[in-house]
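Take a look at the structure set out below.
Count residues from 1 along the sequence. The analysis underlying the following values was restricted to heavy atoms, covering all of them including side chains, and did not include hydrogens, waters or symmetry mates.
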Amino acid sequence: MFDRYIDHYEIRIEGETQYRYLLNTPNELKLFCNVYKGQTLNRSASTTLSQLTSSEIKRLDTELEKRLPSAVDTSRKKPVQTALSSLSQHFMDHESIDEIEIEQKLSRFGIRDQVKDATINLLTRYGILLVKKSGHSFNDVPDYLNLPEPTCYIPGSRHLWDYCIAQRLLQSDAQNFKDILTNNQDATMLYGVLLVEKKGILPSKDPGLINAIDEDYLRKIDLYALSNADPYTTEKFKPWAMELLYAGGQDFSDVLNGIVARVANYPNHPLGTSLIDSFLNSFKSPIERDIVWSLPIAVKMDLRSSQIAYHEERRHLQNLPRLDGRETAEQMPLLFAWKLSSLSNLERNHYRRELIKWGMKNPHEFVRIFEKFDNCNDPQIREDIFAIAEEIVCQGDLEPVVMKRFYAITFEAVFKCPDEQGNRDAAIRNYARLLAEHCYKYGLLATGEINPCRPPYSFDVNNSVMPIYKSASCAKAMCGYGPIHYDLARYVLVDRLASAFHRPQVPSGSNGRCAKLKQIIEASALKAKVDEPLEFEGWVISAAYQYLLDHGFDKATIQGEIGENGYRTGGIDRSITIAYDRADHGLRSIVMTIAEKYVWCARNEICGYLADRIPIGEDCLMDQNVQSNAYCTDYRNLLSFDSPLFEDAVMTASNRVQDKTPHFPKAFSCSGFDQLTKQDFMEWINDILPECVFAMLGYNPTTDTNAEILKGCEGCPAIPIALYSCDWGVSGKSSRIWIHAGAIRCEEFKELDSKSSAIADFNEGVSSFTVSIASSQSVCYIAPTEALASPQMVENDESELVNKNSRVHSRLLPLSGQGVDRLIEKDDYWYFFPSKMAREAAEVKRTDGVRYFNNEGESVFEEVRFGLEFRHQYHALLADSVTLQNALRAKGFELAWYATVQHGPNSLVSERLGCDFEFNEKSWLIWEEESGAFTSCPIEIGAL
């Protein structure tokens with residue numbers, strides 16, 4: 001709407017692009033366009049409602065002057081302003097004014113007949129005055145006289161009248177003040193704005209308002225006035241707003257939602273984001289800040305039912321603000337960055353997604369957010385900010401100078417003092433290292449600059465003891481300690497770290513790892529004055545608890561005061577666990593307690609601390625060439641890390657195809673209501689033909705999905721290099737298909753023969769004809785964005801497909817892979833990705849995990865997934881067939897596919913036919929002939 005109005009009114013905006021955020025209603029936008037029509041705005045122009053309305057009245061007077069003969073001078077009288085002022089006084093007590101009376105009023109103010117008529121015509125032309133036929137009274141005029149009905153006027157467009165009424169209220173002591181305010185609520189709001197602008201007082205301090213309206217309504221007027229008044233007049237009210245923020249509760253919410261959020265996009269507004277930023281920075285510890293800033297909705301609403309709590313959480317999520325990509329760092333993105341501290345992972349994920357989308361479009365602005373929060377004392381915010389920064393650098397399109405600035409901030413914040421508390425965090429180190437490696441890859445760093453960014457990191461042996469809490473030193477993983485309950489103690493802390501470092505549960509023995517771990521534990525025990533022998537699990541739990549204390553954990557506030565019966569009552573974490581379910585077995589809760597939030601961060605801190613000091617185990621190495629008993633050089637060996645970019649890409653793609661169902665080709669579809677006999681069903685199970693594969697290779701899901709790779713395509717040049725689909729019918733049918741593409745050398749491709757069989761030397765079927773991202777035994781989750789950004793990424797070829805006939809022994813190289821990541825809203829999410837060979841052939845430079853782009857920003861691979869899982873599902877990795885095939889041929893390869901189709905019964909078969917059936921499947925090697933038609937030869941699994 002903004003762009004259309006600006007174009008229509010021929011307003012040229014140079015430099016300043018914030019007006020779209022400052023005009024909150026269509027009425028304000030229309031006023032703005034009327035005032036600045038045909039102008040070039042190369043400086044900041046006023047957008048406050050009072051100033052726009054005042055300017056609109058002046059514009060109408062100017063227009064009236066142009067309409068009148070040149071001999072008529074209206075400059076001193078200002079007829080429009082005079083008419084509106086005098087008539088507004090009348091409309092404060094009356095609904096209308098008749099034709100005679102309006103002329104008399106204007107005459108009393110010195111407006112002559114010619115000007116008077118022109119003024120009334122102008123006001124009616126713009127809809128400011130509306131003409132209404134009042135009708136005759138029965139006793140006044142007989143019907144047979146047929147006289148014209150008298151004319152009266154009523155107020156039309158309200159904004160000018162409201163402004164004029166507000167001005168009249170400001171200038172007079174009306175006796176019926178309360179009645180006027182009751183009948184003119186919008187004018188009351190504008191009156192509040194004028195009190196701030198003209199008198200410099202809050203509406204709630206005005207005696208007239210205090211006596212006329214109640215306290216709750218006064219608060220609404222205060223909030224409206226301060227969010228709509230000229231920003232330069234609101235500076236003096238910062239102490240008042242800050243006082244309400246510290247008061248908490250509804251006062252805090254009023255200022256945040258009623259003022260700060262409304263003016264957040266107004267540049268340098270005294271009550272905007274700078275106000276909340278100062279407030280949040282004033283807390284000594286992050287947990288103190290969490291209590292007023294990060295709590296979930298159920299705690300604020302005092303909900304006790306988990307069902308209601310999750311419902312309110314989802315509803316709250318739908319109403320959260322979004323970014324449109326044009327904001328600056330000081331505007332709404334600043335608030336979003338602070339909201340990364342949220343205990344609700346749903347809310348936190350929303351703000352991460354918004355920031356990554358905004359940051360990818362505006363890396364030069366996000367780097368300012370990054371610089372502001374690179375040393376934030378909230379470790380969760382810091383982890384997320386580094387995660388977003390890394391993906392913007394590694395997967396974005398940045399200028400070298402911006403990329404180098406990201407590195408400079410990263411080095412100063414992390415690698416300059418890598419052994420400081422907070423900088424040991426394994427997640428932060430991982431993201432920071434990947435960011436630095438990407439800069440090095442593009443020649444922005446010298447070898448001497450990149451080396452300090454690579455683990456293991458230096459530390460001071462004599463001054464780097466891990467602090468622990470003495471009373472927790474005897475804690476066991478099976479019991480936990482205080483707020484660190486069993487699941488957190490065992491699965492998140494002890495088991496995770498023990499697995500990452502090859503289970504050093506008992507620090508005894510003569511090998512180097514155990515001896516170094518023993519020294520670490522003994523040093524912590526000595527510093528904490530622990531007399532008893534300290535075990536690994538006690539050391540980890542006590543270190544985690546000390547980490548909570550260091551970040552402001554207070555038992556009485558968080559866990560509750562101890563009551564008369566010896567049990568704790570109240571407490572913020574108790575309220576959270578009452579309202580929300582707690583995750584178990586090492587998973588992150590949808591809504592965390594304060595303790596859980598900091599335990600996850602403590603785990604990362606302890607992991608980074610250990611990674612510098614003890615070697616990792618052999619089963620934690622991804623690269624088999626690395627010698628055993630080595631220190632960790634890639635933190636993906638130790639833990640799984642979040643990818644905000646991948647999560648956003650997956651959720652965006654999922655939302656586009658929500659409730660969509662694939663319309664499969666007839667050769668594969670199980671739809672229909674056929675009443676099958678047992679013999680019919682058996683014939684269908686055995687009737688598996690390669691034409692089914694041909695149909696699915698040619699299936700174009702354009703009508704079902706908005707995949708970019710399919711847009712504007714004719715003849716479906718996008719083709720799957722990995723595909724899994726299933727269909728399910730009420731007749732009892734169930735079909736599934738697996739397809740994976742491979743590259744075959746051209747000379748071997750020419751020897752393929754549809755009349756002979758191909759032989760595969762493995763037994764797992766087509767699903768194993770892939771590559772996978774190499775990972776240690778202790779890590780299973782990884783996002784494709786993270787894997788492709790890592791210089792140490794290794795691909796494992798999961799299969800070897802051999803084709804044999806009388807003359808040739810040929811080998812296919814997989815073009816796709818499969819991986820799994822854990823997403824906040826999707827749990828375990830399996831995905832396809834193009835193999836290294838496919839990426840290099842198509843010259844892939846960056847990815848969001850769903851789409852893979854070349855240097856020109858074109859999507860050459862895209863994962864498409866929609867439908868109902870296990871029923872009607874389509875999941876494929878599509879490739880630009882022209883780009884891929886040309887690239888493969890240039891390297892001496894051709895494209896072929898390995899495919900398996902399965903027919904079988906679903907759960908309705910026994911109900912329909914009263915018996916069970918076996919599943920049947922067949923496999924083929926598929927390729928494309930010169931004519932463009934597909935052909936095949938059958939595959940014999942495990943024939944070697």
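Under 4.0 Å is where a charged nitrogen must lie from a carboxylate oxygen, and between E596 and R582 no such pair does. Salt-bridge annotation for R314 and E825: present, with a side-chain N of the basic residue lying under 4.0 Å from a carboxylate O of the acidic one. Residues R424 and D612 are not paired through a salt bridge, judged by the lack of any N-O separation under 4.0 Å between the basic side chain and the carboxylate. A salt bridge links K597 with D290: at least one charged nitrogen is closer than 4.0 Å to a carboxylate oxygen. Using a 4.0 Å cut-off between charged side-chain N and carboxylate O, D302 and K300 make no salt bridge. Between K555 and D573, none of the side-chain N atoms (NZ, or NE/NH1/NH2) sits under 4.0 Å from a carboxylate O, so this pair counts as no salt bridge. Using a 4.0 Å cut-off between charged side-chain N and carboxylate O, R405 and E371 make a salt bridge. Salt bridge R382/D374: absent, no basic N to carboxylate O contact under 4.0 Å.
In this structure, Y407 and H438 have side chains that are not in contact, with every pair of non-hydrogen atoms separated by 4.5 Å or more. Side-chain contact between D378 and L340: absent, with no pair of heavy atoms (C-beta onward) separated by less than 4.5 Å. Put simply, the side chain of C601 reaches to within 4.5 Å of the side chain of Y547, judged on heavy atoms. Two residues are said to be in side-chain contact when any heavy atoms from C-beta on lie closer than 4.5 Å; R613 and D419 meet this criterion. In this structure, I541 and V494 have side chains that are in contact, with non-hydrogen atoms separated by less than 4.5 Å. You'll find the side chain of F415 reaches within 4.5 Å of the side chain of Y457, heavy atoms only. With contacts defined as side-chain heavy-atom distances shorter than 4.5 Å, the pair L497/I606 qualifies. Side-chain contact between I385 and C376 is absent, with no heavy atoms from C-beta onward closer than 4.5 Å.
A donor-acceptor pair shorter than 3.5 Å cannot be found between the side chains of S643 and E786. For the 3.5 Å distance criterion, the side chains of D384 and Q380 fail to qualify, holding no donor opposite an acceptor. With 3.5 Å as the limit, one finds no donor-acceptor pair spanning the side chains of S473 and W539. For the 3.5 Å distance criterion, the side chains of T273 and Q331 fail to qualify, holding no donor opposite an acceptor. Using modelled atom types and a 3.5 Å distance limit, the side chains of N257 and S253 yield a donor-acceptor pair. S342 and S294 share no side-chain donor-acceptor pair at under 3.5 Å.
Side chain of E383 to main chain of A427: no donor-acceptor pair is present (N/O by atom type, distance under 3.5 Å, no hydrogens or angles). Side chain of S524 to main chain of M466: a donor-acceptor pair is present (N/O by atom type, distance under 3.5 Å, no hydrogens or angles). Side chain of R574 to backbone of G570: a donor-acceptor contact under 3.5 angstrom is found. Judged by distance alone, with hydrogens and angles left aside, the side-chain atoms of E327 form no donor-acceptor pair with the main-chain N or O of M332 at under 3.5 Å. Side-chain atoms of D634 come within 3.5 Å of backbone N or O of R636 as a donor-acceptor pair. The backbone N or O of G538 lies less than 3.5 Å from a partner atom in the side chain of S542, making a donor-acceptor pair. The backbone N or O of I824 lies less than 3.5 Å from no partner atom in the side chain of N349, so there is not a single donor-acceptor pair.
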Original post:
Yes or no on side-chain contact (heavy atoms from CB on, under 4.5 Å) for L610 and I520, after CA distance, side-chain angles and deciding distance?
Top reply: CA-CA 9 Å; L610 291 175; I520 291 170; 4.3 Å; yes

**OP:** Applying side-chain contact (heavy atoms from CB on, under 4.5 Å), run through L534 and I468 and close with a yes or a no.
**Re:** CA-CA 11 Å; L534 189 57; I468 62 173; 3.7 Å; yes

Subject >> Verdict with reasoning, N345 to I590, per side-chain contact (heavy atoms from CB on, under 4.5 Å) >> reply: CA-CA 5 Å; N345 279 308; I590 292 177; 5.6 Å; no

**OP:** Would you check, one step at a time, whether the test salt bridge (charged side-chain N to carboxylate O under 4.0 Å, His left out) holds for E537 with R490?
**Re:** CA-CA 8 Å; E537 58 185 337; R490 179 183 175 185; over 6 Å; no

**OP:** Kindly indicate, with the supporting measurements, whether the criterion side-chain contact (heavy atoms from CB on, under 4.5 Å) is fulfilled by I428 and V414.
**Re:** CA-CA 8 Å; I428 291 173; V414 179; 3.8 Å; yes

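Atom CG of D554 is separated from atom CD1 of I291 by 7.5 Å, given to the nearest 0.5 angstrom. The CD1 atom of I369 lies 7.0 Å from the CG atom of L355; values are rounded to the nearest 0.5 Å. With rounding to the nearest 0.5 angstrom, the CG atom of L295 is 6.0 Å from the CD1 atom of I594. Between S282 atom OG and D277 atom CG the span is 10.0 Å, to the nearest 0.5 Å. Interatomic distance, N423 CG to N375 CG, rounded to the nearest 0.5 Å: 7.0 Å. Taken to the nearest 0.5 Å, the OG atom of S589 stands 8.5 Å off from the CH2 atom of W600.
Relative orientation of the F646 and Y829 rings is perpendicular, given thresholds of 30° and 60° on the angle between their planes. Taking the six-membered ring where the residue is Trp, Y545 and Y469 present tilted rings, their angle falling between 30° and 60°. Classified by interplanar angle (parallel below 30°, tilted 30° to 60°, perpendicular above 60°), the ring pair F386/F370 is perpendicular. Between F336 and H350, the two ring planes are tilted [angle within 30° to 60°]. The aromatic rings of F406 and F366 lie parallel to each other, their planes meeting at an angle below 30°, with 60° marking the opposite boundary. Note: W338 and F373 have perpendicular aromatic rings, judged against thresholds of 30 and 60 degrees for the angle between ring planes.
Taking the centre of each ring, F279 and Y246 come in below the 6.0 Å mark. Less than 6.0 angstrom separates the ring centroid of Y491 from the ring centroid of Y486.
By the side chain to side chain donor-acceptor pair (under 3.5 Å) test, R454 is found to be paired with E437, residues two or more places apart in sequence or in another chain being considered.
The minimum heavy-atom distance linking R496 with V492 is given by the pair CB-O, 3.2 Å. Between K357 and D648, the shortest heavy-atom distance links the atoms CG-OD2, 3.2 Å. The minimum heavy-atom distance linking A783 with D821 is given by the pair CB-OD2, 3.4 Å. Between C394 and L434, the closest heavy-atom pair is SG-O, 3.6 Å. Closest heavy-atom contact between F536 and I521: CA-CD1, 3.9 Å. Taking every heavy atom of both residues into account, T410 and A432 meet most closely at CG2-CB, 3.4 Å.
Annotation: cation-pi geometry not satisfied between R429 and Y635 (NZ/CZ under 6.0 angstrom from ring centroid, within 45° of ring axis). The cationic atom of R433 (NZ for Lys, CZ for Arg) does not lie both less than 6.0 Å from the six-membered ring centre of Y431 and within 45° of the ring axis.
Within the structure, ring pair (Phe, Tyr, Trp, His ring centres under 6.0 Å) pairs that include any residue of residues 290-323 comprise Y310-Y580 (at least two apart or interchain).
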